[in-house]
Amino acid sequence: MTITVTLIAGREKSLQRRHPWVFSRAVDKVLGQPNAGDTVDIVSQKGEWLARGFYSPQSQIRARVWSFDKDEVIDEAFFLRRLTRAKDSRQPLIDEQGLTGYRLCAAESDGLPGVTIDVYDQVVVCQLLSTGAERWRKAIVAALNTLYPDACIYERSDVAVRKKEGLAERKGVLSGTLPEQPIVIEENATAGNPGVKILVDVENGHKTGFYLDQRDNRRIAARYCKDKRVLNCFSYTGTFGVYALKGGAAEVINVDMSESALALAEQNVTLNKLDLSRVKFEQADVFKLLRTYREQGQRFDVIVLDPPKFAESKAQLNGACRGYKDINMLAFQLLNAGGILLTFSCSGLMSQDLFQKVVADAALDAGRDAQILERLNQAADHPIGTAYPEGHYLKGLVVQAW
Ligand code: SAH
């Protein structure tokens, strides 16, 4: 029997615009007794069919949409279709850049709410964050086995947000055998030139193992680094630093709190046959270290600021702005005249406009003239559904300070 979720009058508008979420306060009544992850039809108060999705009894997002096509059945074949479409859309990028690491599926933006899938060479890593994703885990694995018959399918659903959906954290092999970690991926190859090699630990690394979304921005960063002194803050496994060295940097300092990330950062330098004597690794709190550098009168030509998400909820947005302003102001104070700041925010709640304002305020407080040279975004394998602007989470600016 079809389970039907009827919306309060007027609350059908966002679904008519193909936004994939139904909030609990938009629900009038539920016909039937859906369990977590069950497929439901969503209808307007007048009874018009709007969408087919899955039910999340414990979440404020009570239902999320699988399909806006009334004839589309949600079954194993549906997941194979969606993931095939996702793979096809990435193929030109994979071919052009010789990618062996890429995001296969960007959740809502690829029509699969709560399903994030990253490919790292022979390992496909899934992060299943919604009740619907959880319900269809087997179908997702079956589809991935079809698309990647030789790969290991590994799950990294060990994230706290699963609690909002009433799900426990999970991690482990879903199919095949996990090769020894870390594994090597390659990106940004150009015709005739090999790409950059990067070590990824899918078992213990952050998120699914690596920050694939910064791929284009790493390449862009390299072009500002020739003969420069580069400070790479929140370096994780040091890949902005690797690109800086490739771009001819005189010196690179990678700063991160995580010892294991910095250990991989060092290996990434040697893996790419770059000069380790030009690189330093500082295990430190960026907020404190930037102040220490300021006291010491240190100066840099290029600074990268790629902090973790500062705002998880709207309530945290003000605090996040203060955090962004603080590190950006410190960075401006540490830049030589004509120096370049590559600054990022991966907080989805922080709009591009707001981020730009915060960076502008930071320049003002540091007493520097500054110009935006480039606006940066997440790489194309992290697409943004046009009906789902929340999918645009990574914003960056290349700013020159005088
Ligand atoms: N720039 C990286 C990704 C950065 S992710 C890349 O391109 O791959 C954010 C990183 O910030 C994580 O590695 C985390 O360990 C580190 N981190 C978080 N808070 C920090 C702090 N206060 N000081 C130093 N590092 C921090």
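Keep in mind that this is a model prediction, so the values were computed, not measured. Atoms within each ligand, like the ligands themselves, are counted from 1 in listed order.
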Can you tell me if [X] has a non-hydrogen atom under 4.0 Å from ligand 1?
X	answer
Pro308	yes
Lys288	no
Ala284	yes
Thr237	no

Which atoms from ligand 1 have a heavy atom of [X] less than 4.0 Å away?
X	result
Arg218	7 (O)
Ser235	2 (C)
Phe240	1 (N), 7 (O)
His206	12 (C), 13 (O), 14 (C), 15 (O)

| message | Applying ring-ring contact (aromatic ring centres under 6.0 Å, His included) to Phe310 and Tyr324, what does each step give before you reach the verdict? | response | CA-CA 8 Å; Phe310 285 162; Tyr324 285 116; 4.6 Å; yes
Does any N or O of ligand 1 fall below 3.5 Å from an N or O anywhere on [X], backbone included?
X	answer
Val255	no
Val286	yes
Asp256	yes
Asp285	yes
Asp306	yes

Any luck finding a side-chain donor-acceptor pair between [X] and [Y] under 3.5 Å?
X	Y	result
Thr237	Thr239	no
Asp41	Thr2	no
Glu72	Ser67	yes

| field | Heavy-atom donor-acceptor pair, Lys395 side chain to Met350 backbone, under 3.5 Å | value |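 Yes, because the side chain of Lys395 sits within donor-acceptor range (under 3.5 Å) of the backbone of Met350.
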| said: One pair to check against side-chain contact (heavy atoms from CB on, under 4.5 Å): Glu374 and Tyr224. What are the steps and the verdict? | reply: CA-CA 12 Å; Glu374 300 191 57; Tyr224 293 100; 2.4 Å; yes
| Is it the side chain (CB and beyond), the backbone, both or neither of Cys233 that lies under 4.0 Å from ligand 1, heavy atoms counted? |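 Within the 4.0 Å criterion, Cys233 makes no contact with ligand 1.
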| field | Side chain, backbone, both or neither: the part of Tyr236 lying under 4.0 Å from ligand 1 by heavy atom | value |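 Contact part for Tyr236 vs ligand 1: both backbone and side chain.
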| said: Once you measure the plane-to-plane angle for Tyr148 and Tyr102, does it fall in the parallel (<30°), tilted (30-60°) or perpendicular (>60°) bin? | reply: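 Tilted.
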| request: Return the orientation label for the Phe54 and Trp66 ring planes: parallel under 30°, perpendicular over 60°, tilted otherwise. | output: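 Rings of Phe54 and Trp66: tilted, 30 to 60°.
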| request: Would you mind checking which non-hydrogen protein atom is closest to atom 17 (N) of ligand 1, with the distance to 0.1 Å? | output: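 Scanning the protein heavy atoms, the shortest distance from atom 17 (N) of ligand 1 goes to Phe234 CD2, 3.7 Å.
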| query | How far is atom 21 (C) of ligand 1 from its nearest protein heavy atom, and which residue and atom name does that atom have? | reply |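 Checked against all protein heavy atoms, atom 21 (C) of ligand 1 sits closest to Met257 SD, 3.5 Å.
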| field | Side-chain touch Leu83/Leu112, heavy atoms, less than 4.5 angstrom | value |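 In contact.
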| said: So, applying ring-ring contact (aromatic ring centres under 6.0 Å, His included) with Phe344, which one of Tyr211, Phe355, Phe240 is it? | reply: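 By the ring-ring contact (aromatic ring centres under 6.0 Å, His included) criterion, Phe344 pairs with just one of Tyr211, Phe355, Phe240: Phe240.
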| Quick one: do Arg85 and Asp88 make a salt bridge, cutoff under 4.0 Å? |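 Between Asp88 and Arg85 there is no salt bridge, as every charged N stays at least 4.0 Å from the carboxylate O atoms.
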